[in-house]
J.: 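Following this message is one structure expressed as structure tokens.
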Amino acid sequence: FFFKQKTAYGFLSGLVGSERCISDSSSFIKYPLQLDVTDYCVNQEKRRVYNLTAVCIHSGGGNGGHYYAVGKRNDTWYEFNDKRVHEISESDVLSYEAYMLFYSCLLYTSPSPRDQRGSRMPSS
């Protein structure tokens with residue numbers, strides 16, 4: 001994952017190659033709608049929680065294929081596939097074999113005493 005200001009980018013799968021061939025590494029990796037990276041930061045004085053806002057998907061193999069995306073706007077998820085745009089469910093979003101994830105900052109605050117004792121995930 002790469003963090004820049006209030007956005008996080010994550011590459012989950014991609015092309016694996018050698019001199020003679022290129023193949024697609026297509027292992028399914030689960031990813032969350034909400035990502036708390038506080039425990040992985042050097043400075044843990046502030047909570048860092050991100051919401052998934054878009055997913056880039058690659059279908060096909062290493063020698064060719066098609067890219068498309070899903071994105072969230074006003075709490076509604078959409079699939080953008082060439083000229084076709086349609087609404088999808090949250091469970092659909094989590095079922096894609098993601099190539100790249102985009103998260104935006106939800107929380108960047110000092111943790112409360114309760115957060116320091118227990119779960120770091122905010123309540124819904």
Side-chain angles (χ1 to χ4, degrees):
F1 278 90
F2 302 97
F3 296 93
K4 183 177 180 182
Q5 296 288 43
K6 295 190 175 193
T7 305
Y9 309 94
F11 291 94
L12 293 185
S13 66
L15 302 178
V16 178
S18 69
E19 290 179 18
R20 290 188 220 146
C21 69
I22 296 175
S23 64
D24 185 18
S25 173
S26 60
S27 301
F28 184 79
I29 298 172
K30 290 183 181 181
Y31 48 92
L33 290 171
Q34 196 170 81
L35 181 66
D36 187 338
V37 297
T38 307
D39 290 339
Y40 306 100
C41 297
V42 174
N43 180 356
Q44 294 183 1
E45 291 176 13
K46 293 190 180 234
R47 270 181 82 197
R48 291 168 178 89
V49 180
Y50 293 82
N51 270 346
L52 185 65
T53 55
V55 180
C56 179
I57 299 113
H58 177 260
S59 61
N63 293 321
H66 178 68
Y67 288 94
Y68 60 101
V70 298
K72 189 175 186 180
R73 181 174 183 191
N74 299 329
D75 294 327
T76 303
W77 285 95
Y78 297 93
E79 179 182 283
F80 302 91
N81 195 341
D82 292 334
K83 292 182 180 181
R84 185 169 181 234
V85 177
H86 66 279
E87 191 174 322
I88 59 173
S89 70
E90 239 176 35
S91 61
D92 289 337
V93 172
L94 297 174
S95 69
Y96 290 100
E97 288 188 23
Y99 176 75
M100 186 173 177
L101 302 171
F102 297 85
Y103 287 86
S104 60
C105 186
L106 171 68
L107 287 175
Y108 192 80
T109 61
S110 298
S112 69
R114 181 175 155 240
D115 291 335
Q116 293 173 357
R117 291 191 314 266
S119 172
R120 291 193 176 275
M121 294 305 291
S123 59
S124 299

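In this chain, numbering begins with 1 at the start of the sequence shown.
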J.: Parallel, tilted or perpendicular: which describes the rings of His66 and Tyr68, with under 30° parallel and over 60° perpendicular?
T.: parallel
J.: Any idea how Tyr99 and His58 line up, ring-wise: parallel (<30°), tilted (30 to 60°), or perpendicular (>60°)?
T.: tilted
J.: With rounding to the nearest 0.5 angstrom, report the CG to OG1 distance, Leu33 to Thr53.
T.: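 Rounded to the nearest 0.5 Å, the CG-OG1 separation comes out at 11.0 Å.
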J.: First locate atom CG of Asn81, then atom CD1 of Ile57, and finally report the distance between them rounded to the nearest 0.5 Å.
T.: 8.5 Å
J.: Yes or no on side-chain contact (heavy atoms from CB on, under 4.5 Å) for Val49 and Gln34, after CA distance, side-chain angles and deciding distance?
T.: CA-CA 7 Å; Val49 180; Gln34 196 170 81; 3.6 Å; yes
J.: If I take atom CZ from residue Arg73 and atom CD from residue Glu87, how far apart are they, to the nearest 0.5 angstrom?
T.: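 Going from the CZ atom of Arg73 to the CD atom of Glu87 covers 12.5 Å.
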J.: Leu52 and Tyr103: which non-hydrogen atoms are nearest, and at how many Å?
T.: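 Closest pair (atom of Leu52, atom of Tyr103, distance): N-CD2, 3.3 Å.
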J.: Are side-chain N/O atoms of Asn74 and Thr76 paired as donor and acceptor at under 3.5 Å?
T.: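 Judged by distance alone, the side chains do not pair up.
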J.: Side chains of Ser95 and Asp92: is there a donor and an acceptor less than 3.5 Å apart?
T.: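 No donor-acceptor contact under 3.5 Å links the two side chains.
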J.: Hydrophobic clustering (ILVMFWY, side-chain heavy atoms < 4.5 Å, transitive) - are Tyr50 and Leu94 grouped together?
T.: yes
J.: Mind checking the CH2-NE2 spacing from Trp77 to His86? Nearest 0.5 Å is all I need.
T.: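 The distance works out to 13.5 Å.
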J.: I'd like to check Tyr31 versus Val55 (side-chain heavy atoms, cut-off strictly below 4.5 Å). Are they in contact?
T.: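 A side-chain contact under 4.5 Å exists here.
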J.: Using every non-hydrogen atom in the two residues, find where Cys56 and Phe102 come nearest and quote the distance to one decimal.
T.: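 What the structure gives for the nearest pair is CB-CE1, 4.4 Å.
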J.: Considering non-hydrogen atoms only, spot the tightest contact between Asp36 and Arg48 and give its length.
T.: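 Of all heavy-atom pairs spanning Asp36 and Arg48, the closest is OD1-O, 3.3 Å.
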J.: Under 4.5 Å between any side-chain heavy atoms of Ile88 and Tyr96, yes or no?
T.: yes
